[in-house]
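Step one of this worksheet: look at the structure below.
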Amino acid sequence: MYYKGIYHLFYQHNPNGAVFDSKIVWGHAVSRDLINWAHLNHALEPTHPFDINGCWSGSVSFLHNNKPVILYTGLDSSFQQVQNLAIPSNFSDPFLEIWTKSSHNPIIAPPNGVERHRFRDPTTAWPGPDGGWRIAIGGQTSYGGAAMLYRSEDFVHWHQSRFPLYSSRDSGNWECPDFYPVKLNGSNGIDSLNGFRVGAVKYVMKASFNSHDYYTLGSYVPEKEKFTSDSGDGFDFRGTNLGLRYDYGKFYASKTFYDSSQKRRILWGWVNESDSREDNIKKGWAGLQVVPRKIWLSKTGRQLIQWPVKEVEKLRTNRFSLYNRELRGRSTMKVLGGSASQVDAEVSFEFPYLEEAERVDTRWFDLDPQLLCSKRDASVNGRVGPFGLLVLASNDLSEHTAIFFHVLKAHNRYVVLMCSDQSRSSFREGVDKTTYGAFVDIDPRHEKISLRALVDRSIVESFGGKGKTCITSRVYPTLAVDDDASLYAFNNGTQSVVISSLKVWKMSNAQIV
């Protein structure tokens, strides 16, 4: 959240080691720019019967007087998940270092028909037309995975609505639901406090399950307390690779907030490790947050756009650039030789021979993009693609992570496939080297295909089509580290592509204390 000139990040943390533990606390860090952070004392720790076995996830809400409060899930003395309220001890303190738990806790217990270990992660609250408050809580009900809707007049006494805000029988237990408005036009955000008063909006319903974050767009009628998805294709919340997701790689349990200082909505996402528990213990930490992303509705209204917050550009140094360079078929070009373990790279491609793209004998929406990327990895020669970047690459290219595109013809349209191939990312054994894939909603006849890659040693965040498709990967190179990490552009298709623009910056370290 943003409060009195300070950004606050609250996060799930085990202070006793780099492994999961039931006695989870709320860590607390603050920043003035979303990039450089200072850790404070824990905001919430297990202390009472209603949270003695862990202070689990939740949200901050601003009440009408602009005073923040926390709703969070506590694991109580009987290991039941209940919802609790905490309030700052001193609202004038911009760092909000001390929080007081409400004497009314627990304020919400699991309802009948909901398992006590599947009732968690309350959302940010929004006002109803009656002046009261609404929240959603994740779980699994007779309707399937669901965002259970609750209402309150005083933020202490809560009543469950008869029906969930949204649910899906095709999904498992919902975690970390999020519900917020986005403008139909422009990239500015909207506060959840005012969304229902603004006509030209859509609403986002997001849920975390099956290790991914899925969302759908739709309309919300406050008077009926009903959210209706725009989706008519049957893909939303089915847990398939064709459903709308924030990120098609390793990315989970995300949360947005409205940044009133910049009039934008910002998305945070958690990225866990891809190596072993023993590795986590050895290095002394596990899990991280992506670079915060601004998020807004695309011009088509069919999906959300994400882009790293502009503040990350403060870390850029030593720019390298080139323009209008032909990249012939089956060729590789070194861009940065060494010291490329922390870079921000932006590249765009054009296609003089687009009509040579391979045909696939099926409807594009019947294709599984992740399966396609696994079968057509970066080493497989195609026609228009694969082409893209090799990041965290060793000098002999025996170790690298490939982020690339492949253009295909599916009946009467071109399909752009985006892949992140970890199969050669490390010589280490026992590391997850899944190849991720997704489609990018662009027409290469009329648009360049663009890629931005934020690389930071063991994480690669990739943004295709100016933020239409995002893929995050965790990789653990053994050779391509520090000064021995290089960056290449490559084209393993038979047809030439043109790099219309390539800009790369080395990145300095953020300050985290």
Side-chain angles (χ1 to χ4, degrees), residues 1-3 6-13 24-40 43-44 55-62 68 70-73 96 120-124 136 138 175-182 187 189-192 204-208 211-215 245-273 285-296 304-312 315 454 456 459-463 467 470-474 510 512:
M1 68 171 175
Y2 182 80
Y3 183 68
I6 303 292
Y7 293 102
H8 295 254
L9 171 66
F10 302 98
Y11 57 94
Q12 297 282 267
H13 178 51
I24 292 293
V25 308
W26 271 44
H28 185 191
V30 292
S31 173
R32 293 190 182 275
D33 61 6
L34 289 171
I35 302 300
N36 303 293
W37 292 85
H39 290 285
L40 303 181
L44 299 172
C55 298
W56 286 17
S57 192
S59 300
V60 171
S61 300
F62 283 92
I70 287 174
L71 287 177
Y72 72 100
T73 298
L96 299 174
R120 56 183 177 270
D121 311 334
T123 64
T124 293
E175 298 183 288
C176 301
D178 203 3
F179 185 63
Y180 58 92
V182 287
S187 63
I190 311 174
D191 193 339
S192 297
V204 180
M205 181 75 247
K206 168 262 172 182
S208 301
S211 300
H212 298 295
D213 280 12
Y214 297 88
Y215 73 90
R245 280 160 48 182
Y246 283 159
D247 193 296
Y248 292 85
K250 190 173 281 288
F251 182 98
Y252 195 67
S254 62
K255 181 70 188 175
T256 67
F257 76 98
Y258 178 68
D259 176 8
S260 58
S261 70
Q262 301 291 326
K263 293 183 172 57
R264 60 187 174 179
R265 182 162 290 272
I266 291 175
L267 170 68
W268 282 96
W270 170 62
V271 183
N272 66 345
E273 302 301 310
W285 62 277
L288 47 76
Q289 297 285 328
V290 297
V291 171
R293 302 172 182 179
K294 181 178 176 179
I295 188 167
W296 68 95
L304 297 171
I305 304 293
Q306 300 167 59
W307 201 246
V309 293
K310 61 186 178 182
E311 288 88 341
V312 75
L315 303 179
L454 280 174
D456 191 0
I459 183 169
V460 181
E461 297 183 57
S462 304
F463 302 83
C470 306
I471 302 178
T472 298
S473 305
R474 294 301 305 278
I512 302 176

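For the single chain, residues carry numbers from 1 onward in sequence order. Keep in mind that the numbers below use all heavy atoms, side chains included, and drop hydrogens, waters and symmetry copies.
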- Message: Whether the S31 and N36 side chains hold a donor-acceptor pair (N or O, under 3.5 Å, no angle test) is what I'd like checked.
- Response: no

- Report the residues that fulfil side-chain hydrogen bond (donor to acceptor under 3.5 Å, both in side chains) with S59, sequence neighbours left out, ordered by chain and then residue number. K255

- Note on the structure: All heavy atoms of Y11 vs all of H28, minimum pair found to be CE2-N, 3.4 Å

- Item | side chain to side chain contact (heavy atoms under 4.5 Å, CB included) assessment of V309 paired with R264 | CA-CA 10 Å; V309 293; R264 60 187 174 179; 4.1 Å; yes

- Query: What distance separates W270 CH2 from T472 OG1, expressed to the nearest 0.5 Å?
  - Reply: 13.5 Å

- Taking Q306 for the side chain and P292 for the main chain, is one N or O donor matched with an acceptor at less than 3.5 Å? no

- Min side-chain heavy-atom separation V25-C55 under 4.5 Å: no

- Message: Could you check whether any side-chain N or O of E175 sits under 3.5 Å from a backbone N or O of R120, counting only pairs where one atom can act as donor and the other as acceptor?
- Response: no

- Beyond-backbone contact of Y3 with V60, side-chain heavy atoms, under 4.5 angstrom: no

- Item | Qualifying residues under side-chain hydrogen bond (donor to acceptor under 3.5 Å, both in side chains), relative to S187, sequence neighbours excluded | K294

- Query: What pair of heavy atoms forms the shortest contact from S57 to Q12, and how long is it?
  - Reply: N-OE1, 3.3 Å

- Query: So H8 and F10, would you call those rings parallel, tilted or perpendicular, with 30° and 60° as cut-offs?
  - Reply: parallel

- Is a side-chain donor or acceptor of R265 paired with a backbone partner of I190 at a separation under 3.5 angstrom? yes

- Item | Atom pair CD1 (I471) and CG (D247), whose distance is rounded to the nearest 0.5 Å | 7.5 Å

- Message: I'd like to know if the side chain of W268 and the backbone of V290 have a donor-acceptor N/O pair within less than 3.5 Å.
- Response: no

- Task: Please answer whether the main-chain N or O of Y246 pairs with a side-chain N or O of D213 as donor and acceptor at a distance below 3.5 Å.
- Result: no

- Query: How long is the span from the CG atom in L34 to the OH atom in Y2, to the nearest 0.5 Å?
  - Reply: 9.5 Å

- Query: Closest heavy-atom contact between W56 and Y72?
  - Reply: O-CB, 3.7 Å

- Message: Main chain of N272, side chain of R474: is a donor-acceptor contact present, judged purely on distance under 3.5 Å?
- Response: yes

- Donor-acceptor contact below 3.5 Å, side chain K206 vs main chain T256: no

- Sequence-distant partners of Y180, ring pair (Phe, Tyr, Trp, His ring centres under 6.0 Å), two or more places apart: none

- Query: If you look at every heavy atom in Y7 and D259, which pair is closest and at what distance?
  - Reply: OH-OD2, 2.7 Å

- Message: For D121, is there any backbone N or O sitting under 3.5 Å from a side-chain donor or acceptor partner on T73?
- Response: yes

- Message: Nearest 0.5 Å, please: how far is NE2 in H39 from CG in L9?
- Response: 8.5 Å

- Query: Going through the distances and angles, do F62 and F257 end up as a side chain to side chain contact (heavy atoms under 4.5 Å, CB included)?
  - Reply: CA-CA 11 Å; F62 283 92; F257 76 98; over 6 Å; no

- Note on the structure: One should read off an interatomic distance between I295 CD1 and S254 OG, to the nearest 0.5 angstrom, of 7.5 Å

- Item | Residue pair L454 / P308: nearest heavy atoms and the distance that separates them | CD1-CG, 3.6 Å

- Message: Can you give me the closest heavy-atom contact between S192 and F179, atom names plus distance?
- Response: OG-O, 4.3 Å

- Item | Check: Y215/D178 side-chain N/O donor and acceptor closer than 3.5 Å | no

- Checking side chain to side chain contact (heavy atoms under 4.5 Å, CB included) for the pair I6/R32: CA distance, chi angles, key distance, verdict? CA-CA 5 Å; I6 303 292; R32 293 190 182 275; 3.4 Å; yes

- Query: Atom CZ of R245 and atom SG of C470: how far apart are they, to the nearest 0.5 Å?
  - Reply: 11.5 Å

- Please assess W296 against V182 for the test side chain to side chain contact (heavy atoms under 4.5 Å, CB included), listing each intermediate value before the final yes or no. CA-CA 6 Å; W296 68 95; V182 287; 5.8 Å; no

